[in-house]
Amino acid sequence: MNSSRRSFFKKSLMALAALPLIKSTEVLAEVACPQAAPKDAKALKKLLEADSSTGKRLDYVANAADSKNKKYKKGDNCAGCNFYADKKEVENYAPCSMAANRYVASCGWCKSFRAKK
Ligand code: SF4
């Protein structure tokens, strides 16, 4: 094996070894908005609807970019909110303590948004 082939294989093996180091959250961070409804039965049953009383009180939208609220800042969404329960996330939906633990879309937003610290 000549040195350029050996070098190629060595670099390829190093690249393959580095793949597991990419965090799955970084890969999953790209969520297409608006999101499809969750397939998970629990998340679907407890989904926060924008036109529900809680949804209206919070001025919630399932797609942050659709918000007309003057407090909304481009780039903010539920996934970046302190009240979004990351550990219980299912299909990019998670319970929100400000919305009576209803499941909100990671792409969503409401006027109670508070950026994660
Ligand atoms: S409080 Fe945060 S997580 Fe809950 S709906 Fe509002 S922006 Fe989304």
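This one's a predicted model, so the numbers in the text were calculated from it and none came from an experiment. Both ligands and their constituent atoms are indexed starting at 1 by order of listing. Values below: all heavy atoms of this structure, side chains included; hydrogens, waters and symmetry mates excluded.
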Passes side-chain contact (heavy atoms from CB on, under 4.5 Å), Ser52 versus Leu48? Steps please.
-> CA-CA 7 Å; Ser52 66; Leu48 177 65; 3.7 Å; yes
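- With hydrogens and angles left out, the side-chain atoms of Glu89 and Ser106 include no donor and acceptor closer than 3.5 Å.
- For the cysteine pair Cys107 and Cys78, the distance separating the two SG atoms is not below 2.5 Å.
- Taking 2.8 Å as the limit, the number of protein N, O or S atoms around atom 6 (Fe) of ligand 1 is 1.
- With hydrogens and angles disregarded, no donor-acceptor distance shorter than 3.5 Å links the side chain of Ser67 to the backbone of Ala64.
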I would like to know whether Leu47 and Tyr93 meet side-chain contact (heavy atoms from CB on, under 4.5 Å); could you show each step before the answer?
-> CA-CA 8 Å; Leu47 194 63; Tyr93 285 85; 3.5 Å; yes
Let me have the donor-acceptor pairs involving side chains of residues 108-117, under 3.5 Å, with sequence neighbours excluded, atom names and distances please.
{"unit_1": "Lys111", "atom_1": "NZ", "unit_2": "Arg57", "atom_2": "O", "d": "3.2"}
{"unit_1": "Lys116", "atom_1": "NZ", "unit_2": "Ala79", "atom_2": "O", "d": "2.6"}
{"unit_1": "Lys116", "atom_1": "NZ", "unit_2": "Asp86", "atom_2": "OD1", "d": "3.0"}
{"unit_1": "Lys116", "atom_1": "NZ", "unit_2": "Asp86", "atom_2": "OD2", "d": "2.8"}

